[in-house]
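Reviewing the structure listed below.
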2 protein chains.
Amino acid sequence: MNGYFGNFDEPKESKSDLKPMDAEQLREHAHKMVDFIADYYKSIESFPVLSQVEFLDCGSRGACSHRNLYLESFNNCIVNVSPGYLNKLLPDSAPVHPESLQNVLAGKYVQTKILPGVTHWQSPEYFAYFPSNSSTAGFLGEMLSAGLNIVGFSWVTSPAATELEVIVLDWLAKMLKLPSDFLSQGQGGGVIQGTASEAVLVVLLAARDNFLRRFGKNSLPKLVAYASDQAHASMQKACQIAGIHPENCRVLRTESSNNYSLSPSILREAIAKDVEAGLIPCFLSATIVINGSLACYLQVGTTSSTAVDPLFELGKITKDNEMWHHVDAAYAGSACICPEYRHYIDGVEEADSFNMNAHKWFLTNFDCSVLWVKDRNALIQSLSTNPEYLKNKASQGNMVVDYKDWQIPLGRRFRSLKLWMVLRLYGVENLQSYIRNHIKLAKHFEELVGLDQRFEIVAPRTFALVCFRLRAPQNDEDCGNKLNKNLLEAVNATGKIFISHTVLSGKYILRFAVGAPLTEERHIETAWKVLQEEATALLGGTGA
Amino acid sequence: MNGYFGNFDEPKESKSDLKPMDAEQLREHAHKMVDFIADYYKSIESFPVLSQVEFLDCGSRGACSHRNLYLESFNNCIVNVSPGYLNKLLPDSAPVHPESLQNVLAGKYVQTKILPGVTHWQSPEYFAYFPSNSSTAGFLGEMLSAGLNIVGFSWVTSPAATELEVIVLDWLAKMLKLPSDFLSQGQGGGVIQGTASEAVLVVLLAARDNFLRRFGKNSLPKLVAYASDQAHASMQKACQIAGIHPENCRVLRTESSNNYSLSPSILREAIAKDVEAGLIPCFLSATIVINGSLACYLQVGTTSSTAVDPLFELGKITKDNEMWHHVDAAYAGSACICPEYRHYIDGVEEADSFNMNAHKWFLTNFDCSVLWVKDRNALIQSLSTNPEYLKNKASQGNMVVDYKDWQIPLGRRFRSLKLWMVLRLYGVENLQSYIRNHIKLAKHFEELVGLDQRFEIVAPRTFALVCFRLRAPQNDEDCGNKLNKNLLEAVNATGKIFISHTVLSGKYILRFAVGAPLTEERHIETAWKVLQEEATALLGGTGA
């Protein structure tokens, strides 16, 4: 293997004067880092996907039969990753003198102490939570952004940073066929947030302040926000931050019979009850419909009509009640660039804001959460500041977008570069194929599960997430839950794959999210084999 | 020059299947990007520091005599950067097919269309706002973080990410000689936020919720936050977000006679008045004392006693009133790693939280704002969520730090890597020399200003920021303000340097912040020459 892996040279202490940004030193060192990272990707399958914390925890369990296979590739880097492990390996104060990069990367630190504590989100056998895509283009964009290292809070602090963001988000809005009100020419526009949590927070603040202006500053205790019980926890956190009373965050129940989508009649009923009680419905987060949140592994159903109707109907309700309507498509939004999946966001024209995470399933390195709003002034009214020291001609003349007023922080990185790199270096057709391939792989996994009578698919698959479990023995749900929990721990402890779980209607369910950039059919088959083997070990049988 | 600059090859269209994370393609392309970035730093002095927006705006003005000199280096890349410039240069929808990296970097886009719209924060002639340091080590850390591309919201999602952050922030706390209550062993600890705005927001939320628990959930309209009129706008924004009524955000006046520091007696008076009115003092942001915010170009004075006393005294007042006391040292915190500047934070032991931005003046690429708190549970109580799909053994067992509960977003990058790289590759002694060198350069600039009778120093310099202006002719302040505004525009329009301004006690003042990694004495002298020449052009005289 090239580069640093397994290359343990003697430390070269450097005591020369600090030249923190010498172009030739940057060139020399950054080339070494490139090789280190390329080698990492070359050998990524040799690492336990989940950091050895779980891996070594299970030293005494039979399920760990693959353990040695995985440890072999670590070449003397075996570290017991239990809580506090790194504290034991690093000194307790900062070094007084510098150390060579060679030593830092290979000999003493990154390879031997840090990598063993890394959970490898880019591994082709990573199927947990939702994907967090890395790509060459996304990585190059991050490099260029870090290289320029500008802080683009106002247009003038780097016009290209703001303008590229406006352009690229218009491009993406068009790829998603969002209504033109979300584009930058009118009153709307897009902005890159760090995460979907920040996206939901800023629109909730805009909605809140809108209502406080209308109903008086003391009406905060009366504001009510609505979401389904499948909505992401970020919705609850946003309410907490915005000062919406916890008892005014309506968590509306969903049913398995309705594939856990929010029923318009339940929403209408809840609103009517609140209005009667003198409260003010102000915000709906419709994660239910095209949800890509961690929780909403379930989409709206298997037929397009089931999928589309609620979004229209929910939109009608929010309109009737003059509420802010936010659609969170953090995960699934990416799929909507394919014409055959676009119908899942039919009805988005009724929404006030729409969000998707390019860092999830769109090859744009973390973080890059894209938010579009129809009324950018609502955001600006809630989030702007205009101190003297940031005043400048362009801003004062209202000629430009100042993204500082669309977000929580003041400073911001040049994040549009990486999204632009992805679009520019790959092109729309490739990106569509990329999405379709993952969905095809997920479908393949779903079929494999369907062939093994010990397992069941818990909900129809819509995109690239499969929700499944071992059937509960003798319909004993407690036993079934325990069994599936044990299966999860056993498969993750092999280090061969990493999957996660959730609980739905009291059932412990396994989530298998296909979406890592390196995942191919063979990885799906390996994963399924690991699951079957561990199931067999647990059930004591011989498999299906 | 090596690499891409001025290298316009024919486009190489690539229509092969997408391999978004092929190790060898990553290697090949990332090596090219390294050369592009190293070449950028090699030629950084040839760019106009402020994007040509201002530069070309002034085409008709005499002050632009250096214009051609700067444009020459652009080799056919002359672009008129006025608002909307990039929109005219890029297509209005995303490309369907990919384009080669060569073409993207050199031929068609980055070099010719994007770089002309960049304001070069890393230029050695950048003296605006506050610095935003880049360094080889910081850049390598960003690369490695983007390469691994993990999302470290919980310990288990990459134990090394959380643990390295805990360790490195303990190191930095020790370098700053923070009281041990801010370290991780006890109830406190550090966390990397994106920006100081987020740092002040999370501690304000912790304080708010603490008071709401004590005084009832409906007491929000009674909570009062205090800061001086020199505090950063992020304080006002945090109050807005947290729902503190604007009229309950006390902006306490400061005086030039007191070097714009907050007088304890004024704070005490304001609190007494509020308590009498039935309000609840809950939060003090003591940016006044060691402020590094954009606004507080002024520190507490020139003698150590003036500097130290207020922090102790203010701390006493907040303690007496059981308020949360936050110290914002976003900029100046970095200097406190030098023993001779540490006394500026004497009294920090009275504070509940302390913040410094490693991305400002500590060679850690943006973003990396470090926040320490004495009571991490106060943060966690305000910001935690615990949905089923994120549950895991380590978190449930309270064995680990889950940083998702210390911040606004859920997801987070592996940002401790870059701060660790800076500490590990440079070492404490080098970092101290780095700070001292900038302060020495600022002192040199201050001396140069002092030698020219047309100028005045407006406030004593404490760190590496010099506040100065052209004296008002015939003591006509309006005229003086106009004159200094014109001088700012004229010098920035040369493209040779970039400085910013503020207004203090009605006076328009120029800010000269030394802190770019490449700045040497010769850059200070060039900058001063530009300022003198433009002053002469404006005043019509012959200079000092």
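Please read these numbers as outputs of a predicted model, since none were measured by experiment. Throughout, protein chains are lettered first and strands after them, A, B, ... in sequence-line order, and every chain is numbered starting at 1. Heavy-atom basis, side chains included; hydrogens, waters and symmetry copies ignored.
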- Okay, B/E142 and chain A: the region with an atom under 4.5 Å from a heavy atom over there is side chain
- With only heavy atoms counted, which part of B/R412 is less than 4.5 Å from chain A, the side chain, the backbone, both or neither? backbone
- Message: If I measure from the heavy atoms of chain A, does B/H245 come under 4.5 Å with its side chain, its backbone, both, or neither?
- Response: side chain
- Item | Atom group of A/L26 that falls short of 4.5 Å from chain B, counting heavy atoms | both
- Note on the structure: Highest number of heavy-atom pairs under 4.5 Å with chain B among A/T385, A/V96, A/D22, A/T195 belongs to A/V96
- Message: Is it the case that the side chain of B/N365 and the backbone of A/A146 share a donor-acceptor pair, with hydrogens and angles ignored and the cut-off at 3.5 Å?
- Response: yes
- Query: Which bit of B/P95 comes within less than 4.5 Å of chain A, counting heavy atoms only: side chain, backbone, both or neither?
  - Reply: both
- Start with the C-alpha distance between B/L425 and A/E99, add both sets of side-chain angles, then the distance that settles side-chain contact (heavy atoms from CB on, under 4.5 Å), and finish with yes or no. CA-CA 5 Å; B/L425 288 177; A/E99 192 146 19; 5.6 Å; no
- Please look at B/E198 and chain A and tell me whether the side chain, the backbone, both or neither of the residue comes under 4.5 angstrom of a heavy atom of that chain. side chain
- Highest number of heavy-atom pairs under 4.5 Å with chain A: which of B/S158, B/S197, B/S500? B/S158
- Distance (rounded to the nearest 0.5 Å) between B/K19 NZ and A/S135 OG: 14.0 Å
- Pairwise distance OG(B/S234) to CD1(A/I408) - rounded to 0.5 angstrom: 12.0 Å
- Interchain contact, B/L383 with chain A, by part (heavy-atom threshold 4.5 Å): both
- Item | Side-chain (A/N430) to main-chain (B/P98) donor-acceptor, under 3.5 angstrom | no
- Go through the steps for B/Y129 and A/L390 under the test side-chain contact (heavy atoms from CB on, under 4.5 Å), then give the verdict. CA-CA 8 Å; B/Y129 310 115; A/L390 299 184; 3.9 Å; yes
- Note on the structure: Whatever's closer than 4.5 Å to a heavy atom in chain A on B/L201 counts as side chain
- Task: Heavy-atom pairs under 4.5 Å with chain A are the metric here; pick the option from B/A128, B/P91, B/S384 that has the most.
- Result: B/P91
- Measure B/I150 against the heavy atoms of chain A and call it side chain, backbone, both or neither at under 4.5 Å. both
- Query: Of all of A/H31, A/M399, A/R208, A/Q193, which one pairs up most often with chain B through heavy atoms under 4.5 Å apart?
  - Reply: A/H31
- Using non-hydrogen atoms and a 4.5 Å limit, figure out which bit of A/F366 sits close to chain B: side chain, backbone, both or neither. both
- Counting heavy-atom pairs under 4.5 Å with chain A, the top scorer among B/P221, B/G84, B/A161 is B/G84
- Could you pull out all residues at least two apart from B/H29 that satisfy ring pair (Phe, Tyr, Trp, His ring centres under 6.0 Å)? none
- Non-hydrogen atoms of chain A under 4.5 Å away: do they reach the side chain of B/L90, the backbone, both or neither? side chain
- Salt bridge between A/R27 and B/D39, side-chain N to carboxylate O under 4.0 Å? yes
- Query: Most heavy-atom pairs under 4.5 angstrom with chain B, which of A/A23, A/S145, A/P387, A/A137?
  - Reply: A/A23
- Item | Per-residue contact mode, B/M175 against chain A (heavy atom under 4.5 angstrom) | side chain
- Message: If we ignore hydrogens and angles and just use 3.5 Å, is the side chain of B/T136 paired with the main-chain N or O of A/Q25 as donor and acceptor?
- Response: no
- Task: Start with the C-alpha gap between A/K393 and B/E489, add the side-chain angles, then the distance that decides, and say whether side-chain contact (heavy atoms from CB on, under 4.5 Å) holds.
- Result: CA-CA 10 Å; A/K393 231 195 271 176; B/E489 285 181 12; 3.8 Å; yes
- Task: Could you please spell out the steps behind the ring pair (Phe, Tyr, Trp, His ring centres under 6.0 Å) verdict for A/Y426 and B/H97?
- Result: CA-CA 7 Å; A/Y426 297 150; B/H97 300 294; over 10 Å; no
- Query: For A/F414, what residues pass the ring pair (Phe, Tyr, Trp, His ring centres under 6.0 Å) criterion, not counting sequence neighbours?
  - Reply: none
- Taking the side chain from A/D170 and the backbone from B/D92, do they hold a donor-acceptor pair closer than 3.5 Å? no
- Task: Apply the test side-chain contact (heavy atoms from CB on, under 4.5 Å) to residues A/L410 and B/H232: give CA-CA distance (whole Å), side-chain angles for both, the deciding distance (0.1 Å), then the verdict.
- Result: CA-CA 10 Å; A/L410 172 62; B/H232 192 263; 3.6 Å; yes
- Is A/W121 reaching over with its side chain to a backbone N or O of B/G152, donor-acceptor style, under 3.5 angstrom? no
- Message: Checking side-chain polar atoms at under 3.5 Å, does B/R511 have a donor or acceptor matched by the opposite partner on A/Y389?
- Response: no
- Value rounded to 0.5 Å, distance of CD in A/Q122 from CE in B/M21: 6.5 Å
- Under 4.5 Å heavy-atom distance to chain A, tell me which part of B/V151 shows up: side chain, backbone, both or neither. both
- Using modelled atom types only, decide if a donor and an acceptor are shared between the side chain of B/Y85 and the backbone of A/E163 within a distance under 3.5 Å. no
- Task: Could you tell me which of A/S132, A/A516, A/G397 has the largest number of non-hydrogen atom pairs under 4.5 Å with chain B?
- Result: A/S132
- Which bit of B/K174 comes within less than 4.5 Å of chain A, counting heavy atoms only: side chain, backbone, both or neither? side chain
